[in-house]
Amino acid sequence: MNKKSLYQNKIFTFISSIISAVVVHILNVSFSWIQKLRRKKTPPEILRNEMQHAKTYAEWRKKAQDLDTLLANDEWKQDPASQYYDYIMIKKRLTHLKDVHESNDVLSMIYNLRSGLLRNLGGINDPRLFCRSYLGTKRLIEDYTKEVVTQLEYIAEKDFIDLPQYSKLEFFNDTRQSFGCTALVLYGGAAFGLYHLGVVKALNKHGLLPRIISGTAIGALIAALVCIRTDEELPSIFEEGGVDLGAFAKKGKTGHIKRKISRFLKHGYFMDVKVLEECVRSNVGDLTFEEAYAKTKRILNITVSSTRKFEVPQLLNYLTAPNVLIRSAACASTAMMGLYDSVDLLAKDKAGNIVQWAPTEIKWRKWSDTVPTESESPLTRISELFNVNHFIVSQANPYIAPFIANEQFGSNMLIKCGLLLSSEFRHRINQLGHMGLLPKNFRDLIDEKVSGNITIVPYLTFSDFKALFSNPSYSSLDYWIMKGEQSTWPMLALIRNRCIIELALDRSK
């Protein structure tokens, strides 16, 4: 792609963000206007609004309990029947598992667990089963997963005459391999990327933070901050002063807008990459991927892509690029957005000296902007390297997130209509792409992988878009962390049910 095409692509991305902001603002204003014409808000509407603006999880949970009671969701939970999963099969399996458990027949217990230990057995993790109640799902599903976890812990903690230690280890190793792993993907965000910190904070506080974390663009910076810290050190980054923003403080909250526009028109990027590099270095230091893994056992993945095919791996981690400095990889991933200029990947040589990793200057592009001959995406590579079959995506891309309607945000009919129009638009764009009538610059609209098995998105307002290209500050950091937590709380029940067996297997090591 030539320089002119790159600039056109960046301008299109910027315009898409502005259009998204305008559309969302129009939908929100229209809905507010319609609400004023309606009668007084109903009690459920009041509770949903209070949940959306809750400042703590305890406050949110209390409102969720009140709403469940008001809507008779507890009665729905007690009734096992539903068209969305095979409740008859799950009920029979639960009865059989309990019978075997009571008999203390460990070999039969292992046989039964291995024969049906799937993350979505019988459809028990269908998202539609977690849209009715705000604090869980069908009691039968919760009882089934609880019984599976209880038996796994029982086998791990006890010694059995008819189960040698090597056979027990073999059972847990094979089961972990079969069940698969979960990865957290922090996707994009520009200034919205700080929201990822809130998602991580909520997951970590509830014991649901995956060991495998991947980041793209601004999400790569957040992933780096998380993966260089141990479990004991991690909570400190959510506290006041936990993230050093001194480099941006020197430039002010917004910087000079004329200088940013001039920089974009002249060089193709808005922000000063040297400020970013200074900020990342002050927070991450000179750790390599291998050093960070040895310290924390978290698997950090950062996605990059150069303008030349197969010049560097698209996925950098402690296996594919062990000696690369994390700070340089994070800045390189961010440079692909049109916000920052390209930077060099740096590495430590065998003597510990910092050197340029690649022998030639690398020009970065958006990691999803692959050509047809490239069949591997970074997420596919993560699956191959680390046995990942379950992705939790934190989506903060400014021109995608507004159109991902979620029940936890109390999506109204107008927002859902906006999602329908957006989906139809993408479908038509996709058809043009297959016919060869779509300019290459527009491929981002159809090629980006924007969601996972579970997708968490922030509730964005028009005022949020006004700060899209502002420098981060400590006040904005607190704001976005809170927004990230608020976006994650409604998803905790689904995440917990999908990951509880995996976590039990990890504890058996």
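Below, all heavy atoms of this structure are taken into account, side chains as well, without hydrogens, waters or symmetry copies. For this chain, numbers begin at 1 and follow the sequence in order.
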Item to check | Short side-chain donor-acceptor distance under 3.5 Å, N120 and D126 | outcome: no
Item to check | Polar side-chain atom of R281 near backbone of D286 as donor-acceptor pair, under 3.5 Å | outcome: no
Checklist entry - Checking ring-ring contact (aromatic ring centres under 6.0 Å, His included) for the pair H196/Y187: CA distance, chi angles, key distance, verdict? => result CA-CA 8 Å; H196 294 309; Y187 193 96; 8.6 Å; no
Checklist entry - Is the backbone of A217 close enough, under 3.5 Å, to the side chain of S333 for a donor and an acceptor to pair up by distance? => result yes
Item to check | Min side-chain heavy-atom separation V149-R507 under 4.5 Å | outcome: yes
Checklist entry - Has H96 got more than 12 heavy atoms of other residues, nucleotides or ligands less than 6.0 Å from its NE2? => result no
Checklist entry - Where is the tightest heavy-atom contact between S115 and R93, given as atom of each residue plus distance? => result OG-NH1, 3.9 Å
Next on the checklist: Would S487 and V457 count as a side-chain contact (heavy atoms from CB on, under 4.5 Å) here? Give the steps.
Outcome noted: CA-CA 6 Å; S487 303; V457 297; over 6 Å; no
Next on the checklist: Run F130 and N125 through side-chain contact (heavy atoms from CB on, under 4.5 Å) and show every step you take.
Outcome noted: CA-CA 8 Å; F130 294 81; N125 281 314; 4.0 Å; yes
Checklist entry - Which atoms form the tightest heavy-atom contact between R327 and I354, and what is the distance? => result NH2-CD1, 4.0 Å
Item to check | NZ or CZ of K295 within 45° of Y293 ring axis and under 6.0 Å | outcome: no
Checklist entry - Which heavy-atom pair separates M491 from T455 by the least distance, and what is that distance? => result CE-O, 3.8 Å
Item to check | Nearest atoms (heavy-atom pairs only) where L300 meets A224 | outcome: CD1-N, 3.9 Å
Checklist entry - Taking all non-hydrogen atoms of both residues, which atom of R176 and which atom of D506 are closest, and how far apart? => result CD-OD1, 3.9 Å
Next on the checklist: Hydrogens and angles aside, do T182 and E502 bring a side-chain donor and acceptor to less than 3.5 Å of each other?
Outcome noted: yes
Checklist entry - Under 3.5 Å, side chain of S383 to main-chain N/O of L379, donor-acceptor pair present? => result yes
Checklist outcome for this item: Which of V200, V226, N283, I228 passes side-chain contact (heavy atoms from CB on, under 4.5 Å) with I237? It is V226
Item to check | Donor-acceptor under 3.5 Å (Q486 side chain, A54 main chain) | outcome: yes
Checklist entry - Taking the side chain from T488 and the backbone from G484, do they hold a donor-acceptor pair closer than 3.5 Å? => result yes
Checklist entry - side-chain contact (heavy atoms from CB on, under 4.5 Å) between L121 and M89: does it pass, once the steps are laid out? => result CA-CA 9 Å; L121 178 68; M89 184 262 283; 4.1 Å; yes
Checklist entry - Do NZ/NE/NH1/NH2 and the carboxylate oxygens of E485 and K205 come within less than 4.0 Å? => result no
Checklist entry - Is S508 reaching over with its side chain to a backbone N or O of L505, donor-acceptor style, under 3.5 angstrom? => result yes
Checklist entry - With sequence neighbours left out, which residue pairs that include part of residues 138-158 fulfil the ring-ring contact (aromatic ring centres under 6.0 Å, His included) condition? => result H101-Y154, Y154-F160
Item to check | Donor-acceptor contact below 3.5 Å, side chain N387 vs main chain C181 | outcome: no
Next on the checklist: Between E153 and T150 (side chain of the first, backbone of the second, donor and acceptor by atom type, cut-off under 3.5 Å), is there such a pair?
Outcome noted: no
Checklist entry - For K91, does the NZ atom have more than 12 heavy-atom neighbours from other residues, nucleotides or ligands under 6.0 Å away? => result no
Checklist outcome for this item: With sequence neighbours left out, the residues meeting side chain to side chain donor-acceptor pair (under 3.5 Å) with N317 are N301, T320
Checklist entry - Donor-acceptor pair, T288 side chain versus E291 backbone, under 3.5 Å? => result yes
Checklist entry - Does any donor atom in the side chain of R119 or N389 lie under 3.5 Å from an acceptor atom in the other side chain? => result yes
Item to check | Side-chain heavy atoms of L163 within contact of I155, under 4.5 Å | outcome: yes
Checklist entry - Salt bridge or not for D231 and R298, using N-O below 4.0 Å? => result yes
Next on the checklist: Would you say that K201 contacts I481 through its side chain, given a criterion of any heavy-atom pair below 4.5 Å between the two side chains?
Outcome noted: yes
Item to check | Min side-chain heavy-atom separation I454-R498 under 4.5 Å | outcome: yes
Item to check | N/O donor-acceptor pair under 3.5 Å between T296 side chain and A292 backbone | outcome: yes
Checklist entry - Of the non-hydrogen atoms in A329 and L316, which two are nearest, and what is the gap between them? => result CB-CD1, 3.8 Å
